[in-house]
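Residue numbering restarts at 1 for every chain, and letters A, B, ... go by the order of the sequence lines. For clarity, every value in this text was computed on a predicted model and none was experimentally measured.
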Amino acid sequence: MINVTLPDGSIKQYDESITGYDIAMSISPRLAKEVLSISVNDEVWDLSRVISSDSSIKLHKWDDEEGKNAFWHSSAHIMAEAIEAIYPGTKFGIGPTIDNGFYYDVDLPEGKVITEKDLVRLEQKMLELARQKNDIVRSEISKADAIQLFQDKNDEYKLELINDLEDGTITLYNQGDFTDLCRGPHLPNTGAVKAIKLLSVAGAYWRGDEKNKMLTRIYGVTFPKAKLLQEYLVLLEEAKKRDHRKIGKEMVLFTFSQDVGLGLPLWMPKGAQLREQLELFLKKVQKNFGYEQVITPHIGNVQLYKTSGHYEKYGKDSFQVIKTPQEGEEYLLKPMNCPHHCEIYKARPRSYKDLPIRYAEFGTVYRYEQSGELHGLTRVRGFTQDDAHLFCTPDQLKEEFKKVIDIIFIIFKALDFKDFTAQISLRDPKNTEKYIGSDENWDKAEAAIIEASAEKGLKTVTELGEAAFYGPKLDFMIKDAVGRNWQLGTIQVDYNLPERFDLEYTGADNQKHRPVMIHRAPFGSMERFVAVLIEHTAGKFPLWLTPEQVVILSISEKFNDYAQKVSNILNISDIRTVVDDRNEKIGRKIRDNELKRIPYLLIVGEQEVESNSVSVRQQGQGDKGTMTIDEFARFIKKEVESQLEAIHINQKSN
RNA sequence: GCUGAUGUAGCUCAGGGGUAGAGCACUUCCUUGGUAAGGAAGAGGUCAUGGGUUCAAAUCCCAUCAUCAGCUCCA
């Protein structure tokens, strides 16, 4: 008998030939029906694998990452089996799971191609295979036998993979007529896969290296219930409707021009208005937190970037040097603001009493991105960072870090990002050479980030080896209204630049000390943030932010003067209005303006003129009754204020 | 940058070796209205750009540019 510890701490005794599936069955048949994989001593296993010694276990269902992974991994194998059945002689690369499904890279026989049209046929074959409820069987195999097997199949990709594996760790999985090299884990049989959607076909280089052959990558997603697939497809459709490039065009927020250049967004009046509101908002918050605005030029002498080390690291992959016609001076378009801010710090002697110093700038930077990387506003070549650099003593680091986290919380609250996590990126402890700075400083900085995050109650994941070469960082990931993850704000600790720029302050001991620097950009960039915001809100921005808050619709042209008067009165109270005085019926005006996503529609006609009032309609909510103009102005201002309540949190302490 | 697909009116798209199409938007006129599309007329395109094939090219071929998807990359 063996002892099996369940997640709640209880211990059950089983035979030594027990499997994960048997354990689930012993708890309840219903659980056994839903369970997909099992963690045995923190290692994820197949449910059908025999557990022969004392273990602590956790059963995984669809809702767990581990459960989904097994499900999709097995689905990738089913897809491979279907491909092999339809296109015999196909060679297989890798077929992993991804965030939302799985893919398989395949090398089709000479002359064969798979296009989007072929996917339906492939789906049907997969369903057929799934319904056969074939057992998925794990077997361990020696390296020599594995090589033999895939030599017989003439699959050079698998052979290459096996080559990198150690003898004794190689496993195969088989279902039906298909055998694959695979670490697992997998479902007990193919029957759990009930709904299948193959999403797209794309090219992908073997092992991501463009020198290698391009394989065909097929993306798919599967579900244990047909209903889940339907929901997923609706979500995909919704995501498509929210594409910021589409909405940006519809709402006339920004555009691109071939003549201006790739990846260089042009902000149109309404987009500029939106950006300005965001900037004003952040400036106010930052002022409360003791930041000072600075302004620096868009270019800097090459020497500046040689000092910072960026020239050496990125010089070749940047926009190239700008030369003066006469003196032959060399400048670079600034790819980041930090060196400029360091020079501001350096311009005067600093005392420990001055610290922390916090310089903020909406700094526009230019980075060369490969043409294929450019994407709407999320990936551009010229963008404006909501940048700031904090210079502090090592002892102040944690406190400053916490305050930056507070700012990010305020932003997320004002913009209704409820679901977010953070990633702590630390250095790889096994490979400390590629990082600069002393071990002592790294330890201190990493501890500061970890403690600050914990004290702020932040949900975090920690990634080793993901730190920048100059310091550890904290990145925020938000989940948008349709469940997609976006990386937004970032906070980074930097020991490199203070060193390279020889930044100093005089301590209480009258000695020179090196300050620590924090880079932080809560939005990341204005461009990217606006893009995320558009997709999160589907263009229905919160009232405080939206470029056009109120539209006034006249019933007929006779009331255009009154409409204009209402607009003027609201403008005095800083309410952003537009007037729709077109020669159209009211129904038409309502429809058009509802579609323009303006939060409030005011209808004015004879009755309103007589009582000096407006008839209020809220976007998407219909008629809200009548108010006087003053009442409406107060109502709007109150709503804006309540949305911006968090702005007033005053953290100034210096 | 690489692979593939796409490029027709401001927008969304149809068509396709022989005078360039629709809906919406736009302009003008009629209508002056009460909570999601009133009516009529009009204007608008070197069919991405450059070459080639052809009696004839928006259509076929080649190249270039851009867009989209994926790969790689992101201080």
Side-chain angles (χ1 to χ4, degrees), chain A residues 98 103 105 113-116 199-219 240 243 245-246 249-250 252 255-259 261-263 305 308-315 317-318 332 334-339 365-376 378-381 383 385 387 468-471 473 487 490 492 494 496-497 519 521 524-525 528 553-560 581-596 601-608 615-626:
Chain A
I98 50 178
Y103 67 79
D105 285 345
V113 282
I114 294 183
T115 67
E116 308 260 335
L199 299 160
S200 62
V201 193
Y205 298 101
W206 169 238
R207 302 203 139 180
D209 187 336
E210 64 185 71
K211 289 189 219 57
N212 289 336
K213 181 166 182 184
M214 178 164 284
L215 308 180
T216 302
R217 175 171 297 180
I218 303 172
Y219 286 90
K240 219 190 248 173
D243 189 317
R245 292 165 300 182
K246 181 172 168 313
K249 212 181 254 180
E250 279 167 20
V252 206
T255 190
F256 290 89
S257 149
Q258 279 191 38
D259 288 339
L262 297 186
Y305 303 103
S308 73
H310 290 106
Y311 185 80
E312 195 194 351
K313 206 164 163 59
Y314 295 103
D317 300 318
S318 296
L332 279 180
K334 81 173 165 187
M336 79 288 295
N337 304 299
C338 7
V365 298
Y366 298 90
R367 294 179 186 178
Y368 170 74
E369 305 284 357
Q370 295 184 46
S371 58
E373 303 314 319
L374 302 170
H375 180 95
T378 57
R379 199 72 191 279
V380 288
R381 284 179 171 174
F383 57 96
Q385 295 179 305
D387 212 355
F469 70 95
Y470 50 76
K473 60 178 184 173
Q487 193 204 309
T490 177
Q492 310 188 354
D494 188 349
N496 176 38
L497 287 184
H519 309 248
S525 78
R528 188 178 160 78
L553 318 179
S554 52
I555 294 277
S556 81
E557 290 180 333
K558 281 184 282 188
F559 308 107
N560 281 352
D581 56 8
R582 290 176 304 160
N583 177 8
E584 293 290 350
K585 287 192 170 179
I586 196 65
R588 179 53 181 272
K589 292 191 186 185
I590 288 170
R591 178 182 156 79
D592 289 350
N593 287 289
E594 286 270 347
L595 292 175
K596 281 165 82 178
L601 286 68
L602 302 182
I603 290 146
V604 297
E606 198 173 353
Q607 297 158 29
E608 288 77 16
S615 176
V616 182
R617 196 186 152 100
Q618 195 174 355
Q619 208 265 353
Q621 318 255 327
D623 198 347
K624 293 274 165 185
T626 303

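The residue Leu601(A) sits apart from the nucleic acid: no heavy atom pair falls under 4.0 Å. Within the nucleic acid shown, Arg381(A) has no heavy atom closer than 4.0 Å to any nucleic acid atom. Residue-level contact check: Ile590(A) touches the bases, meaning some heavy atom is under 4.0 Å from a base atom. At the heavy-atom level, Gln258(A) lies under 4.0 Å from the strands shown only through sugar-phosphate atoms. Here Lys589(A) lies out of heavy-atom contact (under 4.0 Å) with every strand. Using a 4.0 Å heavy-atom criterion, one finds that Phe469(A) contacts no nucleic acid atom at all. Residue-level contact check: Lys585(A) touches the bases, meaning some heavy atom is under 4.0 Å from a base atom. Within the nucleic acid shown, Ser308(A) has no heavy atom closer than 4.0 Å to any nucleic acid atom. Counting non-hydrogen atoms under 4.0 angstrom, Glu606(A) reaches a base of the nucleic acid. Using a 4.0 Å heavy-atom cutoff across all strands shown, Gln492(A) reaches no nucleic acid atom at all. At a threshold of 4.0 angstrom between heavy atoms, the contacts of Arg217(A) are confined to the sugar-phosphate backbone, with no base atom among them.
With hydrogens and angles left out, the side-chain atoms of Glu312(A) and Tyr305(A) include no donor and acceptor closer than 3.5 Å. With hydrogens and angles left out, the side-chain atoms of Ser556(A) and Lys585(A) include no donor and acceptor closer than 3.5 Å.
Checking U32(B), A66(B), A36(B) against the side-chain heavy atoms of Leu262(A) singles out A66(B) as nearest.
Atom CG of Leu332(A) is separated from atom C1' of A75(B) by 13 Å (rounded to the nearest Å). The distance from atom CH2 of Trp206(A) to atom C1' of U3(B) is 18 Å, rounded to the nearest whole Å.
No side-chain heavy atom of Glu606(A) sits less than 4.5 Å from a side-chain heavy atom of Lys558(A).
Comparing A14(B) with A20(B), their C1' atoms sit 12 Å apart, to the nearest whole Å. If you take atom C1' in G4(B) and the same atom in C26(B), they sit 38 Å apart, rounded to whole Å.
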Salt bridge (charged side-chain N to carboxylate O under 4.0 Å, His left out) between Arg588(A) and Asp592(A), intermediate numbers included: CA-CA 6 Å; Arg588(A) 179 53 181 272; Asp592(A) 289 350; 3.2 Å; yes
